**Student:** 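Before I ask anything, let me first share the structure, which is written out below as structure tokens.
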Amino acid sequence: MSPYQPRIPLISVTPRGLYCPRGDFYIDPWEGVDTALITHAHSDHAREGSQLYHISEQSLGIIQRRLGAEGQYITHSYSQSFTLGDVLISFHPAGHILGSAQIRMECEGEVWVVSGDYKRDYDPTCAAFEVVPCDVFITESTFGLPIFVWKGIEEETEAIYRWWKKNQEVGKNSMLACYALGKSQRVLHALAAFTDQPVLLHGATQVLVDLYREQGVPLIATQPATDYGKDMTGQLILAPPGAIGSTWSRKFGPYETGFASGWMRIRGNRRRKAYDQGFVISDHADWPALLQTVRECGAKKIYVTHGYTDDLSRFLCELGHDAEPLETLFAREEDG
Amino acid sequence: MKRLVQLFEEIDTTTSTKAKVTALATYFQTAPPRDAVWTLYYFLGRKQKRLVKRKTIQTAVQELSELPDWLFEQSYTAVGDLAETIALLTESIGHKVFSDVPLHVWIEERLPFLSKQNEDEQKIILKNWWRELSTEEVFILTKLITGGFRSGVSVRLVVRGLVEAFQWDEAILSEKLIGEWPVTEDWFLGLGSAEREGLSLYPYPFFLASPVDGEAEALGPIQDFAVEWKWDGIRSQIVKREGQVAIWSRGEELISQSFPELLTLGKELADGTVLDGEILAFAEGKVKAFADLQKRLQRKKVSEKMVKENPVVFLAFDCLQANSVDLRDQPLGERRRILDSIVKDMNHPTLQSSTLILLESWDELLTLRGESRSRGVEGMMLKRLSSVYQMGRKKGDWWKWKIDPMTLDAVMLYAQAGHGKRANLYTDYTFGLWKDGQIVPFAKAYSGLSNEEIGKLDTWIRKNTLEKFGPVRSVKPLKVFEIAFEGIQLSPRHKSGIAVRFPRILRERLDKKPEDADSLATAMELMHAPTVDA
Ligand SMILES: [Zn+2]
Ligand SMILES: [Zn+2]
């Protein structure tokens, strides 16, 4: 297949992040800019310092919480178009976390989509991923190797539940490391199928759980970890990875530790991070989902960013797609 | 198979020793004996050879998942373990039809059948099996096929599991598990009986000395002890029974082949004799460096030339069986009397008995100990004259009092490239000690190896890398090194909880397996040991 030359270089990579010259805006910029479009509220995507933020409606609460309420935010509901410069823009569900969006950009009949972080797996705590047909697709590749294949959330949640019960039997607490935004809520929702016993939450998780509840996402009963008393044993405690093993976690001993993450797919990762138990739950697309998405969006050109960029793009090329890592684009820009 | 996988996962996902023992006990209670005996076999670290070429397994999985070579390699690099890579890649196979074939059928029928087929047939068989198995099962199966299975628990824990499951006698059980045994249901069921027939060439479980803890004087009157120099050799037993001889290392490995002259010696012993002692490199009336001994261990088959150039002696310090009578319940003094008469009667050039030093005061001992370094010994052994020969490391009767530096046997975990001239060589290493069934890093060491050794190690590191983090590689925890250091103290900043001063590599311990490396607990004991050079 002859390489596809996008008619319009709608996106370029600059030291401040992905930039759209025709609309004069950045997507998930690394530092403060005039106009920022934010795919989702994770801290490596939503950063402070910009004058104006365009964000999805559902992520407003979380982003305000993280970046401050005084910033200037313009919210958009999914699929609703707006214009910046020459570019027609719309946000579409990415299925990653509450409010996560792919960003579609159209200019002179050519369509580019920036995926942000996304997944195709079942997740009732946020809107499901929508396939957006496009000419150029910029995809993430956090888990872009064929060893990354996810099991269903039910199966892994059941494993968490069994682990919790097993520890309970021997009078131990279960300390589960979960990213505070997205992963925790997904697990709390899925646990409802197995129990109604309340789960204890670290303060950082609690805040975000409240925000999910405000948006009507049903979650299992929870309790702040500050309620924990010496008379309580066999509790399940959710906390961000950094909190486990810190002085904060000491009062919950004796406890077993677990980590819910796509990285737990590899035994060595669990061992190196010294978790007793790993649960393979990820909010990113696994290998089959990455391939499926590239296929379904019908893009003529794929740029791969965020992860195993070289491996995924090379494999896509071998499948007959026109794909390259986004870094190459960056280098080309610098060369002029 | 499912039970074994469950056991493996249970052990792998807890750091609690108690939980591991319970998991083992539950397994042994519930598994059919015919399967349990195989689990025991593998958990004790017995290995079968690789049955299928790595390339065959790899090609099979690539064909099934339609992956090019380079992508398989990238996946392998990310995972760091071949069997795990294979297992993860089989996960995406659609339409699995799970079955649970008993472990003994796998090992006694399916695997031997597989190994006899040609490569194309092997691939077809593997693909069919993978359709029946979960990812975790494929992982274990591939480990079995490639001969790389490791249980992650020590022999001691396995024994504790069996004892907890069946209330068997720990001493008899430990003895029966040593050496070669038939992997049969009958044998497994017979483990509980007190009879010991058919164990003709097995050694007795070794009695190990503990490091002196605190002031040596606190052990009691010196007159109660026999004092020996602690030589740097290979602890071993020579077993002579029914006309046959076997030489066993402390790790309960058969090392007869490495020491043909000791086999000759053993033949001259009376039937029903077991001697415990130290194999030492020895020439011109002097004990030589351990490195000379090591050369012998590295060979499967030792040539005559090798025997001539690197002669050894067996320095016996105990007699555990004589005239087919088990002497272990006799006091040391009596066992020594018997030993001395055997050695004297034999009058054999490769058999000596250790010098027993009887002292009147601890001061005398301190003076003697001061000579350790000049005599080329590691320190002193203190053995209570009244002591019976016990099993394993039991505190109270046998003590080792090493001179500084303190040493620990540790497993290499990470390697880092050096600087300047050595920038493309891995010269800086991190070593770990056992803690709750895991190896935790405790010291970094940069020096102590020759350039030639560093070169060889560099090649090994590259071949055995698990993962790369910038200039650092984690390596398979397989190599044991003796690490020397000047001091040791508690340090909450370190993951191990201890910090050592001036750690350096003394040598590689080719005679030790990772399971034989020291534990953090041993390091803790060292902390209280006297560090004086008398
Ligand atoms: Zn994200
Ligand atoms: Zn991200």
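These numbers come from the heavy atoms of this one structure, side chains and all, not from hydrogens, waters or symmetry mates. Just so we're clear, the structure is a prediction, and the values are computed from it rather than from any experiment. Here is how names work: the chains are called A, B, and so on, in the same order as the sequence lines, proteins then strands, and each is numbered from 1.
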**Student:** Answer yes or no: does atom NZ of B:Lys435 have more than 12 heavy-atom neighbours from other residues, nucleotides or ligands under 6.0 Å?
**Tutor:** no
**Student:** Any residues in residues 132-155 of chain B near chain A, with a heavy-atom distance under 4.5 Å, and which are they?
**Tutor:** B:Glu136, B:Phe139
**Student:** Mind checking which of residues 277-285 of chain A sit less than 4.5 Å from chain B, heavy atom to heavy atom?
**Tutor:** A:Gln277
**Student:** In Å, rounded to the nearest 0.5 Å, how long is the span from CD of B:Glu91 to CD1 of A:Ile147?
**Tutor:** 11.5 Å
**Student:** With only heavy atoms counted, which part of A:Trp163 is less than 4.5 Å from chain B, the side chain, the backbone, both or neither?
**Tutor:** neither
**Student:** If contact means a heavy atom pair closer than 4.5 Å, which residues of residues 3-16 of chain B contact chain A?
**Tutor:** B:Phe8, B:Glu9, B:Glu10, B:Asp12, B:Thr13, B:Thr14, B:Thr15, B:Ser16
**Student:** Contact part of B:Glu66 toward chain A, heavy-atom cut-off under 4.5 Å: side chain, backbone, both or neither?
**Tutor:** backbone
**Student:** Out of B:Ser474, B:Pro68, B:Ala87, which one racks up the most heavy-atom pairs below 4.5 Å with chain A?
**Tutor:** B:Pro68
**Student:** Between A:Tyr308 and chain B, which part of the residue has a heavy atom less than 4.5 Å away: side chain, backbone, both or neither?
**Tutor:** side chain
**Student:** Let's test your reading of the structure: which of B:Leu466, B:Asp81, B:Thr85, B:Leu89 forms the most heavy-atom pairs below 4.5 Å with chain A?
**Tutor:** B:Leu89
**Student:** Could you state the interatomic distance from OG (B:Ser75) to CD1 (A:Ile266), rounded to the nearest 0.5 Å?
**Tutor:** 9.0 Å
**Student:** Between A:Asp286 and chain B, which part of the residue has a heavy atom less than 4.5 Å away: side chain, backbone, both or neither?
**Tutor:** neither
**Student:** Below 4.5 Å, heavy atoms only, C-beta onward: do A:Val170 and B:Thr22 meet side chain to side chain?
**Tutor:** no
**Student:** Drop me the distance from A:Asp310's CG to B:Trp70's CH2, to the nearest 0.5 angstrom.
**Tutor:** 9.0 Å
**Student:** Side chain, backbone, both or neither: which part of B:Gln74 has an atom under 4.5 Å from a heavy atom of chain A?
**Tutor:** both
**Student:** Give, as side chain, backbone, both or neither, the part of A:Pro288 having an atom under 4.5 angstrom from any heavy atom of chain B.
**Tutor:** neither
**Student:** Between CG of B:Leu88 and CZ of A:Arg265, what distance do you get to the nearest 0.5 Å?
**Tutor:** 4.5 Å
**Student:** Using heavy atoms and a sub-4.5 Å threshold, report which of residues 149-158 of chain A line up against chain B, by residue number.
**Tutor:** A:Val149, A:Lys151
**Student:** Between A:Arg270 and chain B, which part of the residue has a heavy atom less than 4.5 Å away: side chain, backbone, both or neither?
**Tutor:** side chain
**Student:** Is the count of non-hydrogen atoms from other residues, nucleotides or ligands lying under 6.0 Å from B:Arg156 atom CZ greater than 12?
**Tutor:** no
**Student:** Looking at B:Lys444, I'd like to know if its NZ atom is crowded, meaning that more than 12 non-hydrogen atoms belonging to other residues, nucleotides or ligands lie closer than 6.0 Å.
**Tutor:** no
